[in-house]
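One is the number of the first residue; the rest follow in order along the sequence.
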Amino acid sequence: MSTDRPAAGLRIAADIGGTFTDIACLSPDGTLSTCKLPSTPDDYGRAILEGIRTIAADLGVDLDSFDEVLHASTIATNAILEGKGAVTALVTTEGFRDVLELRRIRVPRLYEPLYQKPAPLVPRRRRFEITERMDSRGEVVTALDVAALQALAAQLAASDVAAVAVCFLHSYVNATHETQAAEILRAALPGRFLSISHEVLPEIREYERTSTTVVNAYVGPLVSQYLTALQKRLKDSGITGRLLMMQSSGGTLDVERVIAMPATVIESGPAAGVVGAARLGTHAGYGDLITFDMGGTTAKASLIESGRLVATDEYEVGGGISLSSALAKGGGYALKLPVIDVSEVGAGGGSIVHIDRGGALKVGPESAGASPGPACYGAGGTEPTVTDANVVLGYLNPRALAGGTVPIDAALSREALSERIAIPLGRDLLETAYGVYCLANSVMTRAVKAVSTYRGRDPRDFTLFAFGGNGGIHAAALAADLGMTRVLVPPAAGVFSAVGLLLADFEVAHAAAWLKPLCDDDAPALGTRFAELEHKVLEEMGRSEHIVLGWRAALRYAGQGFELPVDVPRGALNAAVLAQVRAAFEAAHRRSYGHALPGERIDFVSLRVVGTLPPSGGGAAGGGVAGAARTAGLRVRRRSQAPLAGVRTAYFGKEWGLMPVPVMERWELTADPRLGPLIIEEYEGTTVVPPQATACLDAHGNIVISL
């Protein structure tokens with residue numbers, strides 16, 4: 001399969017959110033065109049196609065002009081969060097039926113003794129044991145009971161099971177039994193989705209490997225059906241460009257590979273925006289960033305240090321807050337695949353505001369979604385949301401959003417918030433709305449702290465990079481709560497995850513277990529194994545002079561329970577190179593745990609080779625149109641919108657009260673700081689600059705808010 005990019009042409013990206021679907025297109029001259037429209041939960045592909053048609057009409061081109069269609073979606077995540085994945089069975093080694101139930105001993109809520117972990121994705125009645133056994137060296141202890149497996153296959157064929165996960169003990173060392181099982185099951189279950197552990201995660205740890213393999217099976221049929229239908233719809237509409245999807249690791253991948261390994265896109269949507277922030281924020285001179293992505297349903301945060309994304313393979317999804325944390329495990333389903341370290345909480349513009357049984361004000365996690373949406377949309381929603389509070393406060397346009405395409409009825413916001421919240425609490429309407437605004441910010445600080453404070457980082461040392469449809473409205477107040485002094489709002493912030501898709505590299509990775517000490521004598525064998533993995537990557541990507549290859553290894557001190565990833569210099573391995581690897585591991589250990597153990601034995605656990613290809617060809621730095629956007633910033637094609645009101649009254653709490661606030665567009669700002677309060681309205685979103693803060697425009701078109 002060849003992966004060389006066309007030298008020129010149109011590339012278009014679609015990011016589906018809980019409330020809006022965002023479309024962004026990068027033209028050969030480096031101009032960015034955008035479109036924002038309500039998501040269509042009954043058929044997400046409908047909004048994607050409508051958005052692509054809108055962009056094509058704006059540019060005056062045919063639908064077959066798009067060389068690539070890039071996509072990010074939360075469909076896999078939502079299937080887990082909502083418990084709407086496929087009916088799944090697990091086939092495992094005799095004696096290991098309850099691995100999913102036992103998990104790890106840790107729980108995320110220390111002072112809740114009656115806390116119950118989420119039910120396994122596969123109930124016990126659909127978990128089956130098969131007689132077979134490998135030891136840790138890959139030697140057969142007990143042969144596979146083929147007859148029993150054939151009988152089980154017939155039983156599954158007669159059931160309603162749509163997906164089967166297979167996870168045998170120590171298959172990461174010797175996959176012979178799993179390979180036999182896969183052949184038998186594929187023959188008996190044509191059309192059913194199979195997830196085989198040595199193909200999904202060829203690494204140690206039974207629970208993590210079993211959980212990841214099951215997650216892959218659970219979301220497999222849904223993702224497969226969705227992407228297959230989307231491919232057909234695009235093709236039938238005349239869109240013949242190659243379809244790529246964002247992986248959780250921050251790289252794009254061919255949709256056929258995603259269909260085979262859907263667990264790689266669990267955090268697809270959040271990853272895209274972080275990639276865009278790393279690319280454009282770094283080239284604008286801001287190397288240390290905390291990204292803040294507030295959409296309609298959730299708010300997400302991630303850390304960028306010295307321009308580098310923070311990645312992890314210790315992730316949990318479905319536990320109320322999806323995150324990677326050594327301090328808060330056990331609340332979700334383990335996913336041991338490379339994921340950009342993003343924390344996510346259920347607080348967005350569509351989050352429903354309510355009063356709990358104790359009389360306390362609450363925001364989310366339930367969302368009004370795209371349909372019926374916030375009360376102010378006038379589409380039948382009666383529950384007040386964060387967006388309704390922002391309309392009441394005067395932060396959002398009281399007539400329409402997205403250039404007039406989303407009508408707003410401010411009276412409905414006032415009615416919903418007053419009747420459901422303010423009157424029952426005996427509070428003034430404006431005070432109530434401001435309380436909702438502050439409470440939403442408080443909830444969202446959890447996401448920021450999860451990637452900063454809980455990682456030993458001080459958020460005050462970072463710039464808050466805000467995007468998403470609601471990011472600019474809450475960013476300045478959120479930063480102030482965290483003691484941060486600077487906020488960056490990039491061009492096209494409201495559709496920035498779609499922009500990030502356009503800037504992401506194509507990426508393929510392969511991994512293998514390597515359970516051996518870090519020893520000079522093993523250097524030749526280690527190099528050979530890396531070369532084998534590299535060959536698999538290149539075989540999948542196709543040969544290209546632009547592919548960048550990287551080697552990584554997970555290591556730990558002998559006897560430790562968990563490992564740390566480090567880069568391994570690519571090429572011939574010898575004693576000097578392994579000494580560099582040792583030093584890198586000890587530096588990582590010191591950074592993570594505050595100390596190192598010089599002289600102690602270090603063991604390898606796993607190896608990984610990653611191949612990346614910058615968009616539109618180009619060199620390692622990213623050439624073509626996307627490369628220019630990375631270094632020179634974005635030139636956003638302005639969409640026509642109704643004339644803005646010159647001044648709008650907005651409320652900033654008891655200290656400031658109601659104030660007349662100038663309303664302007666981004667381009668009206670200059671390099672000279674302008675004192676707030678200000679409201680900056682654009683087609684893609686709104687930015688609020690509070691009193692005493694200043695805002696200016698930098699050389700890359702970013703709004704810079706100083707607190």
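Under a 3.5 Å cut-off, the side chain of Q247 and the backbone N or O of E507 do form a donor-acceptor pair.
The side chain to side chain contact (heavy atoms under 4.5 Å, CB included) search around A143 returns none, not counting sequence neighbours. For F193, there are no ring pair (Phe, Tyr, Trp, His ring centres under 6.0 Å) partners, not counting sequence neighbours. Qualifying ring pair (Phe, Tyr, Trp, His ring centres under 6.0 Å) partners for Y593, counting only residues two or more places apart in sequence or in other chains: H589. Not counting sequence neighbours, the partners of R590 by the side chain to side chain contact (heavy atoms under 4.5 Å, CB included) test are A596. With sequence neighbours left out, the salt bridge (charged side-chain N to carboxylate O under 4.0 Å, His left out) criterion links R556 to no other residue. In terms of the side chain to side chain contact (heavy atoms under 4.5 Å, CB included) criterion, V173 has no residue partners (sequence neighbours excluded). Applying the side chain to side chain contact (heavy atoms under 4.5 Å, CB included) criterion to A584, with sequence neighbours excluded, gives V566.
Between the side chains of E267 and S248, no donor-acceptor pair is found at a separation under 3.5 Å.
Between Y172 and H170, the ring centre distance stays below 6.0 Å. For Y557 and F585, the ring centers are positioned less than 6.0 Å apart.
For residues 562-572, the set of pairs meeting the side chain to side chain donor-acceptor pair (under 3.5 Å) definition, not counting sequence neighbours, comprises R205-E563, E534-R570, R552-D567. Pairs engaging residues 517-531 under the side chain to side chain donor-acceptor pair (under 3.5 Å) rule: R529-E532 [sequence neighbours left out]. Listed by first and then second residue, the salt bridge (charged side-chain N to carboxylate O under 4.0 Å, His left out) pairs involving residues 572-588 are R582-E586 (not counting sequence neighbours). Applying the ring-ring contact (aromatic ring centres under 6.0 Å, His included) test to residues at least two apart or on different chains, the pairs with a partner in residues 71-93 are H71-Y226. Residue pairs that meet the ring-ring contact (aromatic ring centres under 6.0 Å, His included) test with at least one member in residues 253-272, sequence neighbours left out, do not exist here.
A salt bridge links R242 with D254: the closest approach of a Lys/Arg side-chain nitrogen to an acidic carboxylate oxygen falls below 4.0 angstrom. Using a cut-off of 4.0 Å between Lys/Arg side-chain N and Asp/Glu carboxylate O, R209 and E206 are scored as salt-bridged.
A cation-pi arrangement is absent between R257 and F506, since the terminal nitrogen or guanidinium carbon is not both under 6.0 Å from the aromatic centre and inside a 45° cone about the axis.
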